[in-house]
> 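Quick one: this structure, given as structure tokens, is what I'll be asking you about.
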Amino acid sequence: MDIGAAMFFTDYSMFSVELAQALEARGFESMWAPEHSHIPLTRKTPFAGGGELPKQYYDVMDPFVTLAAAAAATKTIRLGTGVCLVIQRDTIQTAKLVASLDQVSGGRFLFGIGGGWNQDEMEDHGTVYATRFKKMREQVEAMKAIWTENKPEYHGELVDFPPMMTWPKPVQKPHPPVIVGGMFPHAARRALRYADGWIPHSRRPHYEDVTDFLPQFRQMAAEMGRDPASVPVTVWGVQPDYDRLRRYEEQGVSRGVVQLAPEPAETTLPILDRWAGLIRQLGA
């Protein structure tokens, strides 16, 4: 099982270049950057993690900028959006961003996506809350056409464009992995329908451990005609517990992602050093 790490990159956290280099040197497989364009002062929907919304949600930088900077300063670590709120972005421009980042990273990009939870935020972008997941599916289908065809076109209910020409195409073929974040069963079903992986959070108030759902996920894959190996599971928010990490591995989880606080290097590097020891143990 691979181990990645995520951080809300802000003007008070470690810089993405600095963190990516530190992770790469310590054997981490990937680095992930989340996004929120803004946080409206009104709130129709509660924070999924419960309690007050942490400050970094207001402060986070654009993930394509921070990951591009990290790509230029590293060689092997994979770089992912965790997650990109595609429903708040233009489909054609996002397809170009993904392909461009995959090019500048030499084929190391992981396209983590999600439909989001903040109704006010997405409505500021003109997204209709009730149809956000239909929009996300159509966006992914349209972007796949853009990445793989010389004269792509797409005609959906919410995303529609005539034949076009647009480059670059991604390095990874047919395209970077599209990995859907969210809870079981709905996000799992979306991942199986049109994506290349699923990212559930390790814990949420309504379940003790997300891996309790893995047998059902695999059954759902079989019913939808997907090989579960083609839709690997990335568990978000793993803890530094060797036995639990081994159990994840035994349960077929392909990757665990550590959620780091948006802190400076002097606070973060000792945490990474402890994780590096666990990574060496897992690889032994």
Side-chain angles (χ1 to χ4, degrees), residues 1-7 19-34 67 70 74-84 105 107-114 172 176-185 187-188 190-192 195-204 207-222 226-261 268-284:
M1 184 178 72
D2 292 318
I3 299 294
M7 180 179 281
L19 180 60
Q21 291 173 331
L23 293 171
E24 188 172 75
R26 288 163 176 78
F28 284 78
E29 174 259 355
S30 54
M31 183 182 81
W32 302 72
L67 293 175
T74 54
K75 294 181 179 179
T76 60
I77 194 165
R78 305 202 74 180
L79 303 163
T81 46
V83 292
C84 174
S105 67
R108 290 184 281 141
F109 183 57
L110 302 168
F111 192 29
I113 66 168
Q172 297 178 81
V178 178
I179 312 176
V180 174
M183 296 179 290
F184 188 89
R190 295 179 195 113
L192 291 167
D196 312 294
W198 175 41
I199 311 174
H201 200 284
S202 60
R203 283 195 170 188
R204 280 290 184 245
Y207 60 75
E208 180 65 23
D209 190 325
V210 70
T211 56
D212 292 343
F213 294 114
L214 288 180
Q216 295 165 262
F217 175 69
R218 296 188 180 105
Q219 178 62 34
M220 184 187 293
R226 291 293 301 269
D227 178 356
S230 71
V231 193
V233 175
T234 295
V235 173
W236 200 269
V238 297
Q239 300 299 313
D241 179 334
Y242 175 79
D243 292 336
R244 174 69 271 196
L245 293 170
R246 276 295 187 205
R247 288 198 296 275
Y248 281 143
E249 192 170 51
E250 291 164 1
Q251 290 168 304
V253 172
S254 67
R255 178 189 295 114
V257 175
V258 182
Q259 179 66 65
L260 299 166
T268 304
L269 291 178
I271 296 171
L272 300 188
D273 288 337
R274 290 192 289 274
W275 269 101
L278 278 172
I279 292 171
R280 287 192 294 270
Q281 283 183 274
L282 290 169

> Between Thr268 and Ala261, which heavy-atom pair has the shortest distance, and what is it?
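For Thr268 versus Ala261, the nearest heavy atoms are OG1-O, 4.5 Å.
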> Do you know which two heavy atoms are closest between Ala22 and Leu272, and how far apart they sit?
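So the two residues come closest at CB-CD1, 3.9 Å.
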> At what distance, to the nearest 0.5 angstrom, does CG of Leu278 lie from CG of Asp273?
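Going from CG on Leu278 over to CG on Asp273, the span is 12.0 Å.
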> Side chains of Arg274 and Pro240, heavy atoms from C-beta outward: is any pair under 4.5 Å?
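Not touching, per the 4.5 Å side-chain cut-off.
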> Going from CG on Leu110 to OG1 on Thr81, what distance comes out if it is rounded to the nearest 0.5 angstrom?
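Interatomic distance, Leu110 CG to Thr81 OG1, rounded to 0.5 Å: 8.0 Å.
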> Which value, rounded to the nearest 0.5 Å, describes the distance between His201 atom NE2 and Gln259 atom CD?
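Interatomic distance, His201 NE2 to Gln259 CD, rounded to 0.5 Å: 7.0 Å.
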> Checking side-chain contact (heavy atoms from CB on, under 4.5 Å) between Phe28 and each of Leu19, Val257, Thr76, Ile3, which is the one that passes?
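Running side-chain contact (heavy atoms from CB on, under 4.5 Å) over Leu19, Val257, Thr76, Ile3 with Phe28 returns exactly one hit, Ile3.
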> Do Glu29 and Arg255 come within less than 4.5 Å of each other through their side chains, counting heavy atoms only?
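Side chain of Glu29 against side chain of Arg255, heavy atoms only: contact under 4.5 Å found.
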> Looking just at side-chain N and O atoms, do Arg78 and Ser30 make a donor-acceptor pair shorter than 3.5 Å?
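No donor-acceptor contact under 3.5 Å links the two side chains.
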> Within the distance-only criterion (no hydrogens, no angle test), does the side chain of Gln172 pair as donor or acceptor with the backbone N or O of Phe109 below 3.5 angstrom?
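Yes; judged by distance alone, with no hydrogens or angles, the pair exists.
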> Any idea which heavy atoms bring Val238 and Val235 closest together, and the distance?
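Heavy atoms only, the tightest pair is CG1-O, 3.6 Å.
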> Below 4.5 Å, heavy atoms only, C-beta onward: do Phe217 and Leu192 meet side chain to side chain?
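With C-beta onward as the side chain, the pair touches.
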> Which atoms form the tightest heavy-atom contact between Gly237 and Ser202, and what is the distance?
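Reported closest heavy-atom pair: O-OG, 3.0 Å.
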> Measure from NZ or CZ of Arg246 to the centre of the six-membered ring of Tyr242, then state whether that distance is under 6.0 Å and the direction lies within 45° of the axis.
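Not flagged: Arg246 not positioned over aromatic ring of Tyr242.
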> Please walk me through it: do Met31 and Leu260 pass side chain to side chain contact (heavy atoms under 4.5 Å, CB included)?
CA-CA 11 Å; Met31 183 182 81; Leu260 299 166; over 6 Å; no
> Measuring only between side-chain heavy atoms, which start at C-beta, is Asp212 closer than 4.5 Å to Phe184?
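No, their side chains stay 4.5 Å or more apart.
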> With no hydrogens and no angle check, is any side-chain donor or acceptor of Arg108 less than 3.5 Å from a backbone partner on Ile77?
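Looks like yes, one N/O pair under 3.5 Å.
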> Of the options Trp275, Trp236, Trp32, which is the one that meets Val258 in a side-chain contact (heavy atoms from CB on, under 4.5 Å)?
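Looking at Trp275, Trp236, Trp32, the match for Val258 under the side-chain contact (heavy atoms from CB on, under 4.5 Å) is Trp275.
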> What pair of heavy atoms forms the shortest contact from Val180 to Ala187, and how long is it?
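In this case the closest contact between Val180 and Ala187 is CG1-O, 3.9 Å.
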> Check whether any side-chain heavy atom of Asp196 sits under 4.5 Å from a side-chain heavy atom of Phe111, and report yes or no.
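The answer is no, as the side chains (C-beta and beyond) never meet within the 4.5 Å cut-off.
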> Show the numbers, then the answer: is there a side chain to side chain contact (heavy atoms under 4.5 Å, CB included) between Arg247 and Asp243?
CA-CA 6 Å; Arg247 288 198 296 275; Asp243 292 336; 3.9 Å; yes
> List the steps, then state whether side chain to side chain contact (heavy atoms under 4.5 Å, CB included) holds for Val233 with Arg218.
CA-CA 11 Å; Val233 175; Arg218 296 188 180 105; 6.0 Å; no
> CG of Asp2 to CD of Glu249: how many Å apart, nearest 0.5 Å?
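Nearest 0.5 Å value for the CG-CD distance: 9.5 Å.
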> Would you compute the distance between atom CD1 of Ile179 and atom OG of Ser254 and round it to the nearest 0.5 angstrom?
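Ile179 CD1 to Ser254 OG: 8.0 Å, rounded to 0.5 Å.
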> Evaluate the side chain to side chain contact (heavy atoms under 4.5 Å, CB included) criterion for residues Ile279 and Arg26: first the C-alpha distance (whole Å), next the side-chain angles of each, then the deciding distance (0.1 Å), finally the verdict.
CA-CA 8 Å; Ile279 292 171; Arg26 288 163 176 78; 5.9 Å; no
